[in-house]
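Input: one structure, supplied below.
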There are 2 protein chains.
Amino acid sequence: MTESDHRRRRITLADIASACGVSSATVSLVLSGSPAVAASTRKRVEAEIVRQGYVYNRSAANLRRKISSSVAVVINDLSNPFVAEFAAGVDEALAEAGCVMLLGSSGESVERQRAVLQSLIEHGPAGVILTPAEGSKVSDLQPVVGLHTPLLLFNREVPEAKWDYLGADNVAGARMATEHLLAQGHTRIAFFGGHRDSSSCRQRVEGYLSALAEAGISPEPRWMVECAPTRMQAATATAALFARDPAPTAAVTYNDGVALGLMMGLRARNITPGRDFAITGFDDIPEAHAQVPALTTLATGPRALGRQAVGLVLGRGNKPDLPARRTISPVSLVTRDSSLTYAHPLEAPAGKAAKRKSRRTGEPA
Amino acid sequence: MTESDHRRRRITLADIASACGVSSATVSLVLSGSPAVAASTRKRVEAEIVRQGYVYNRSAANLRRKISSSVAVVINDLSNPFVAEFAAGVDEALAEAGCVMLLGSSGESVERQRAVLQSLIEHGPAGVILTPAEGSKVSDLQPVVGLHTPLLLFNREVPEAKWDYLGADNVAGARMATEHLLAQGHTRIAFFGGHRDSSSCRQRVEGYLSALAEAGISPEPRWMVECAPTRMQAATATAALFARDPAPTAAVTYNDGVALGLMMGLRARNITPGRDFAITGFDDIPEAHAQVPALTTLATGPRALGRQAVGLVLGRGNKPDLPARRTISPVSLVTRDSSLTYAHPLEAPAGKAAKRKSRRTGEPA
DNA sequence: CTGAAAGCGCTTACAG
DNA sequence: CTGAAAGCGCTTACAG
């Protein structure tokens, strides 16, 4: 809330009009490029606009025309590279559509999400793209979003919600990653990172479990290690994988951030990722293929998802009565070094330690 | 540009008023919490507001009151973690101030920056926070920003600009980093990464050169390696450091992203960072202290900078006639493992190779 | 080709 | 305590 008419008052259409000796209607027609304006009038008006440094007040125009030229985007945490890329894609597509982005973040708090949504909605966006905070329910969103603004859920589902949804194919992705590790000979495969509260995590776990089941492997509870989806938390949580022997020899991780954190955690324990332990990520963030070892992961194309989200939410404005749509975007496995180690599933713990030492020094044990 | 009055028309103050049998003025007073409304009236109106799912039209209110409740933020690239953290800080402070963030990105293109700024300005922000695209000139910004919207330049200066500026103390930071490496015994210290086009890079180079000069060292041209400030580009550019012997034994890098890229590039050449080569970064992004080796760097506190930026740009609204202010935020050196190797500046190339091999295997040469 | 007038959804002195 | 009226900066049939 800040006064904006400091310095001399802002220039308006009327100022231009009176300076040119025409009506503001004519100036408006010039601005909208109407052919019904005499060329000479147009010239004069355009010159005056430049001379006075007039800036168009789009809010006023939108009010009058009952249109919107903005889209609200509510995410959890901009510092997640996947989210940042997604936002960049949204930004690109909105710029092309002549729309502006209203950005807010919930920081994974349902209460803050409510406040942010309310504030953004009051600015009259044409639609809202929302990655709901963990634990969001329909009743947290419905009252504040109302019935008049199209809402697109991105990446996380809300139970029983009837809004459009766009997300990556988490189930298939995690299944592909798990099958890939199985094909390398691993049998003790962990699922590492993420929170069960998030639907994307649950879906990835589902894919992981289905691949194990198909291979006739029943996962042990301690192969499932939850942690917040950040590098730091993942590095810290690494210990849990090795609490008891036999430890897993590979892990499907919740996402690349977690995978990189796990790599750090492994190195801190003198376990070389990609050689002593196989890892797959999820998202294919830019660093994934620059890491040593390069990270096997699932490419979801967050930038393209961002663009797609804009299309969905703006398209919804035209057909309000369509039923809610679930759009599942395919993902693809990108195989790199971090998962290409071979497993030694039958080694006894002692033998394994000896073998590991010998691999590390390059001398026979 | 999208129609937003799909489904039945949006509820307005007038709808609530007529449903309650009062005037819209009264409803407005209820919304603003005026004490001049009878408690019973207030109750009725509030109930009706909830019942109809009314949502306040803040744009209309802002138009009438001639105020703004938004701030425009134009950055280059959201996928830079420093930028993402900064944006998160801006977001926090704006939320507290009851303002909304209009976000756009220039992708380092002056032309796109112009279009984005114009679009955002038309929405009437109370101020603009801008990290100018490389090569921006006053004439690229002045016409589109006009004279009525306070502009704050963040992190990069524009020659001869008279706008407020906020940035980290790049000169002092790079000088501290260089002095630290000198204190470890290094004499062949590179400056790695960044583009001379950006003022922040020039300032960091200035600090680096001044520390070298004070130590009586004249830097060789090939110690200066430019590259785009991304991990990938940095990894690729690593080769340039080792093109000729004697190679540098340490590098002050433009920022943490570049430093991490350099680490990858070094590992790819079998040079262990923090042991065979000393590195300092800039920014202290979250991974810096989680990396192996942990990265010595300069903490700039991007989140706090984001908050500070909001204060400066909103504060400017009140005192339009103050001269432009340069705010330089102090930085602090965080010493970690990546820079704690000792230099061997007098080693001949051959001897150095032998020594390096012996250090790596742990056996005498 | 141009202007007068009404109206978008609000707020705010002012009168009662 | 409440309402009528004017006005924020635009747009758009409509008349001329």
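All values reported here derive from a predicted model rather than from experimental measurement.
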- request: Examine distances only and state if a side-chain atom of B:R156 and a backbone atom of B:P132 form a donor-acceptor pair shorter than 3.5 Å.
  value: yes
query: Using Watson-Crick and G-U wobble pairs whose two distances are both under 3.5 Å, how do you write the pairing of DNA chain D as dot-bracket, with | for links to another strand?
result: |||.||||||||.|||
message: For D:dG3 and B:T26 - does any side-chain N or O of the residue sit under 4.0 Å from the phosphate oxygens OP1/OP2?
response: yes
field: Side chain B:T131, main chain B:F154, donor-acceptor under 3.5 Å
entry: yes
task: Considering non-hydrogen atoms only, spot the tightest contact between B:S70 and B:G124 and give its length.
output: OG-O, 4.0 Å
- request: Please tell me which of A:A39 and A:A25 maps to the more 5' nucleotide of DNA chain C, matching each residue to the nucleotide holding its nearest heavy atom.
  value: A:A39
field: Exercise: do B:S200 and B:N155 side chains pair donor with acceptor under 3.5 Å
entry: no
query: Does a donor on one side chain and an acceptor on the other come within less than 3.5 Å for A:S59 and A:H123?
result: no
statement: Picking from C:dT2, D:dT12, D:dT2, the nucleotide nearest the side-chain atoms of B:T41 would be D:dT2
Could you go over nucleotides 14-16 of chain D and give all protein N or O partners under 3.5 Å, atom names and distances?
none

message: Salt bridge check, B:R307 against B:E85: does any charged N sit closer than 4.0 Å to a carboxylate O?
response: no
Protein-nucleic acid N or O pairs under 3.5 Å, nucleotides 7-10 of chain C:
unit_1: C:dG7; atom_1: N2; unit_2: A:R64; atom_2: NE; d: 3.4
unit_1: C:dG7; atom_1: N2; unit_2: A:R64; atom_2: NH1; d: 3.2
unit_1: C:dG7; atom_1: N3; unit_2: A:R64; atom_2: NH1; d: 3.4
unit_1: C:dC8; atom_1: O2; unit_2: A:R64; atom_2: N; d: 3.1
unit_1: C:dG9; atom_1: N2; unit_2: B:A60; atom_2: O; d: 3.2
unit_1: C:dC10; atom_1: OP1; unit_2: B:Y54; atom_2: OH; d: 2.6
unit_1: C:dC10; atom_1: OP1; unit_2: B:N57; atom_2: N; d: 3.4
unit_1: C:dC10; atom_1: OP2; unit_2: B:L13; atom_2: N; d: 2.8

query: When you check the side-chain N and O atoms of B:T327 and B:Q308, is any donor under 3.5 Å from an acceptor?
result: no
